[in-house]
Amino acid sequence: MGSTTARTALSRRGFLAGTVGGLGTLALAGCSAPSAGSTAAGGSTLRFYEQKQEVIAYFDDLLRRFERENPGMRVVHDSTGAIAPQFVRGEPADVGCFNDNLELARYIERGVLRDLSDLPSAGRVRKSIDGLTNQYAKYEDRTSVLPFSLAAAGVIYNKRIFAEQGLPVPTTWDEFVDVCTALRKADITPVYATDRDTWTLWQGLFDYSVGSLVDTGSFFRKMKALGTDVGPDAEVSFEKDFALPMERAKTISSFFNPDHATRSYADGNLAFGQGKAAMYLQGPWALGQIALVDDRLPVGTFALPVSNDPGDRRARVNIDLGLWIPTTTPHLEQAQELVEFLMQPDVINAYNRDNLAFSTTEDAPPADRRATRGAAAVRRRRRVLPGCRHLHPHLHPARQLPADRHPQRRLRLDAAAARHRLATTRRPLGDGLTGATRNSRTGPQERS
């Protein structure tokens with residue numbers, strides 16, 4: 001997303017009016033530019049790393065504006081898919097804008113990102129989101145990452161289909177199953193899934209199913225304290241605590257489109273925009289792509305109910321993007337100028353408004369738009385959940401589901417597997433870095 005066309009369409013059509021219950025191409029840009037560090041018109045060239053596909057063009061525009069406001073400076077937009085290789089080579093970008101998750105936590109906890117606490121913008125970051133910013137890692141007293149964008153995700157639904165079928169927005173698990181059953185009887189695909197891009201499974205199906213039934217933060221803190229003493233009879237265990245959520249995921253997956261195993265995220269955005277399904281387990285990052293297909297499509301959002309208590313519904317919230325500077329940059333002053341530019345109110349607030357996200361600063365204006373009104377209400381009541389797979393590097397369906405990537409049986413994480421994972425030494429990555437996983441695909445996510 002991020003194009004002017006998508007932004008205008010969203011505001012002009014009142015996209016996503018009246019949300020209910022809880023939530024309201026790819027290329028290396030500038031590849032022909034000089035490499036980072038070389039001079040351009042007597043100035044410096046920075047490398048800026050950001051690979052969230054929906055907003056690559058949006059950040060390109062911002063970087064060109066930064067260059068205009070800072071004559072002599074050039075910024076190369078690095079949008080390659082993997083973050084680890086540049087750290088392994090000792091050549092990280094001068095400034096990064098990345099999902100704040102376990103992938104980034106590897107570099108935070110090893111102290112290879114600079115302390116940004118002395119930047120003026122650091123003092124404007126909302127204290128109320130400290131729990132989200134520090135949940136993965138913290139190095140000494142450093143502020144290693146400045147949160148840039150907060151995203152709330154849930155179920156996107158086609159309001160026209162729901163109205164034509166006389167269906168309510170579900171607030172309980174039984175209501176959700178009834179809605180899906182009625183849709184299927186009407187020969188309408190209840191939920192469009194895109195298993196080919198496996199991140200869409202763990203950010204949607206997995207996180208939504210687990211998060212409203214398990215206090216994920218408490219679960220993993222207790223499991224970490226247990227160490228290798230985990231087991232089916234321990235205070236917490238995957239086998240015991242995740243059994244019901246995985247039964248829920250199994251049921252939800254039975255309402256997927258038949259070709260879900262071969263469909264990608266791009267396929268899902270196109271199909272949903274064409275009205276080929278009633279629901280889509282995605283976040284606000286998908287809305288602009290849907291609007292490009294049909295900016296008149298009446299769409300709403302709600303938090304997925306996985307229990308029969310409406311009060312249990314949770315919106316999946318995460319720091320979608322965070323800004324950082326590596327300790328090795330030879331252009332510290334210029335990198336800090338770029339970070340301050342991106343954090344200035346007219347830039348950060350416009351980005352979050354245009355991309356249907358929430359700003360992370362104290363001085364941000366209220367999110368006065370119908371598309372996210374429900375999410376704002378949920379956040380005020382603190383009915384939110386962090387993505388479960390963000391809290392454990394091995395926890396996502398790409399590693400656990402059958403070969404066809406469809407959860408037709410219960411996801412079983414037994415005690416033996418958990419003990420093995422907790423006891424296994426991390427693989428060295430080089431330069432003092434280690435990693436529990438080589439998967440660097442963070443996509444929109446989580447996105448962030």
Quick check against the 3.5 Å criterion: does [X] have a side-chain atom that pairs as donor or acceptor with the backbone of [Y]?
X      : Y      : value
Arg110 : Arg106 : yes
Asn352 : Ile348 : yes
Arg142 : Gly111 : yes
Arg126 : Ser359 : yes
Asp295 : Ala291 : no
Ser218 : Asp215 : no
Tyr49  : Thr80  : yes
Gln203 : Leu281 : yes
Arg248 : Val306 : yes
Arg314 : Tyr208 : no

[X] side, atom [atom1]; [Y] side, atom [atom2] - distance, nearest 0.5 Å:
X      : Y      : atom1 : atom2 : value
Arg124 : Thr360 : CZ    : OG1   : 8.0 Å
Thr194 : His260 : OG1   : NE2   : 11.0 Å
Leu113 : Phe87  : CG    : CZ    : 5.0 Å
Asp267 : Thr262 : CG    : OG1   : 7.5 Å
Asp115 : Thr143 : CG    : OG1   : 5.5 Å
Glu109 : Leu104 : CD    : CG    : 10.5 Å

Please lay out, stage by stage, how Tyr192 and Phe272 fare under the test ring pair (Phe, Tyr, Trp, His ring centres under 6.0 Å). CA-CA 7 Å; Tyr192 202 95; Phe272 193 83; 8.4 Å; no
Where do [X] and [Y] come nearest, in terms of heavy atoms and distance?
X      : Y      : answer
Pro326 : Ala93  : CG-O, 3.0 Å
Gln282 : Thr200 : NE2-CG2, 3.5 Å
Ile161 : Gly275 : CD1-O, 3.9 Å
Thr189 : Phe255 : CG2-O, 4.4 Å
Ala261 : Asp195 : CA-CB, 3.8 Å
Pro284 : Ala152 : CD-O, 3.1 Å

In sequence, state the C-alpha distance, the side-chain angles, and the governing distance for Asn269 and Val293, and then conclude on side-chain contact (heavy atoms from CB on, under 4.5 Å). CA-CA 8 Å; Asn269 294 334; Val293 179; 5.7 Å; no
Return yes when atom CG of Asp141 has more than 12 non-hydrogen atoms of other residues, nucleotides or ligands closer than 6.0 Å, and no otherwise. no
With a sphere of 6.0 Å drawn around CD of Glu69, does it hold more than 12 non-hydrogen atoms of other residues, nucleotides or ligands? yes
Any side-chain heavy-atom pair from [X] and [Y] closer than 4.5 angstrom?
X      : Y      : result
Leu146 : Trp324 : no
Ile290 : Leu297 : yes
Leu63  : Leu338 : yes
Val125 : Pro147 : yes
Leu119 : Glu340 : yes
Leu323 : Val145 : no
Gln53  : Trp285 : no

Cationic N near anionic O, under 4.0 Å, [X] to [Y]:
X      : Y      : result
Arg47  : Asp78  : yes
Arg65  : Asp60  : no
Arg263 : Asp197 : no

Does Val95 form a side-chain contact (heavy atoms from CB on, under 4.5 Å) with Thr329? I'd like the steps, not just the answer. CA-CA 8 Å; Val95 176; Thr329 177; over 6 Å; no
Can you find a side-chain donor-acceptor pair between His331 and Asp94 that sits under 3.5 Å? no
With no hydrogens and no angle check, do the side chains of Tyr280 and Asn158 hold a donor and an acceptor under 3.5 Å apart? no
Of the options Phe59, Tyr58, Phe148, Phe98, which is the one that meets Glu50 in a side chain to side chain contact (heavy atoms under 4.5 Å, CB included)? Phe59
In this structure, is the centre-to-centre distance between the rings of Phe242 and Phe219 below 6.0 Å? yes
Determine whether the aromatic ring centres of Phe66 and Phe341 lie less than 6.0 Å apart. yes
Evaluate side-chain contact (heavy atoms from CB on, under 4.5 Å) for Ile252 paired with Leu304, printing each intermediate quantity in order. CA-CA 11 Å; Ile252 295 168; Leu304 178 68; 3.8 Å; yes
Please walk me through it: do Tyr265 and Arg196 pass side-chain contact (heavy atoms from CB on, under 4.5 Å)? CA-CA 8 Å; Tyr265 171 63; Arg196 182 177 176 181; over 6 Å; no
